[in-house]
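One structure below.
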Amino acid sequence: MAETIEDITINWEDEEGRLLVKELKKEVLTKGSWSTIMFLYQEMDKRTGEYKAPKIRVGRYQKRGGRYSLQSKFNISSARQARQLVEVLGQWLPGMGDEEE
């Protein structure tokens with residue numbers, strides 16, 4: 001758990017210190033007691049030691065007791081899936097109006 005948005009990462013090492021999940025980019029979409037963060041990351045293939053193709057994760061974090069904890073996440077596992085999401089969002093956005101949340 002992290003105390004600030006800036007401290008939140010998805011980098012993850014195993015007990016031997018190998019970086020199994022490597023954060024490439026991070027974008028904070030919303031801040032507050034509920035925050036949404038999008039990450040571009042890679043996972044290491046344990047067999048080869050090479051990093052796989054990048055993926056995207058959108059995570060929702062709740063701040064409680066001064067610390068953020070992950071409450072839910074959604075992984076976009078391929079460029080194809082990301083393109084499909086962009087296409088659908090492009091179709092739906094005009095009907096949502098221009099209001100800011």
Side-chain angles (χ1 to χ4, degrees):
M1 289 198 286
E3 292 184 17
T4 68
I5 293 287
E6 293 75 25
D7 294 336
I8 297 173
T9 182
I10 61 170
N11 284 331
W12 186 72
E13 295 179 355
D14 65 10
E15 54 281 343
E16 298 167 3
R18 291 185 304 164
L19 189 60
L20 299 180
V21 177
K22 178 172 65 170
E23 179 182 308
L24 302 174
K25 294 184 181 183
K26 172 180 167 179
E27 186 72 30
V28 177
L29 303 177
T30 60
K31 291 183 178 181
S33 58
W34 281 91
S35 297
T36 306
I37 304 174
M38 185 166 55
F39 297 95
L40 181 67
Y41 71 100
Q42 289 178 294
E43 297 173 321
M44 180 185 285
D45 184 324
K46 292 180 185 178
R47 288 180 287 128
T48 66
E50 299 292 321
Y51 287 101
K52 299 177 186 178
K55 296 180 182 181
I56 298 168
R57 174 180 291 169
V58 179
R60 291 279 291 160
Y61 296 82
Q62 183 181 24
K63 189 167 189 176
R64 249 198 230 161
R67 299 185 67 82
Y68 285 95
S69 62
L70 180 65
Q71 297 298 310
S72 64
K73 64 184 176 183
F74 174 74
N75 292 321
I76 301 169
S77 57
S78 68
R80 179 176 174 261
Q81 188 179 47
R83 281 191 291 278
Q84 288 174 310
L85 283 167
V86 168
E87 182 180 330
V88 171
L89 288 171
Q91 293 169 10
W92 291 358
L93 283 175
M96 293 179 68
D98 291 335
E99 302 87 35
E100 293 283 328
E101 279 193 39

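Positions are given from 1 along the sequence. Treat the numbers as computed from the prediction; the structure is a model and nothing was measured.
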Taking side chain as C-beta onward, heavy atoms only, is K63 less than 4.5 Å from I5? no

Do L29 and I56 belong together in a cluster built from hydrophobic side chains that touch within less than 4.5 Å? yes

Is a side-chain donor or acceptor of D14 paired with a backbone partner of E16 at a separation under 3.5 angstrom? yes

Heavy atoms of Q81 and N75 approach each other most closely as OE1-O, 3.8 Å

Looking at E43, is its backbone amide N or carbonyl O close enough to the side chain of K55 to form a donor-acceptor pair, meaning the two atoms are under 3.5 Å apart? no

Restricting to non-hydrogen atoms, name the atom on K26 and the atom on I37 that form the minimum distance, rounded to 0.1 Å. CG-CG2, 3.8 Å

So, taking the atom named CE in M44 and the one named NZ in K52, what distance separates them when rounded to the nearest 0.5 Å? 11.0 Å

Within 6.0 angstrom of Q84 CD, more than 12 heavy atoms from elsewhere: yes

Can you get from V28 to I8 by hopping between Ile, Leu, Val, Met, Phe, Trp and Tyr side chains that sit under 4.5 Å apart? yes

If you take all heavy atoms of I10 and E23, which pair is closest and at what distance? N-OE1, 3.1 Å

Interatomic distance, OG@S33 vs OH@Y68, rounded to 0.5 Å, equals 7.5 Å

Look only at the side chain of T30 and the backbone of T36, and say whether a donor-acceptor pair between them is shorter than 3.5 Å. yes

Nearest heavy-atom approach of Y41 to V21 is CD1-CG1, 3.8 Å

Steps toward side-chain contact (heavy atoms from CB on, under 4.5 Å) verdict (Q42, L24): CA-CA 7 Å; Q42 289 178 294; L24 302 174; 3.7 Å; yes

Of all the heavy-atom pairs spanning G59 and L70, show the shortest one and how long it is. CA-CD1, 4.1 Å

Candidate pair L19 and Y51, rule side-chain contact (heavy atoms from CB on, under 4.5 Å), full reasoning: CA-CA 10 Å; L19 189 60; Y51 287 101; 3.5 Å; yes

R64 atom CZ: more than 12 heavy-atom contacts under 6.0 Å: no

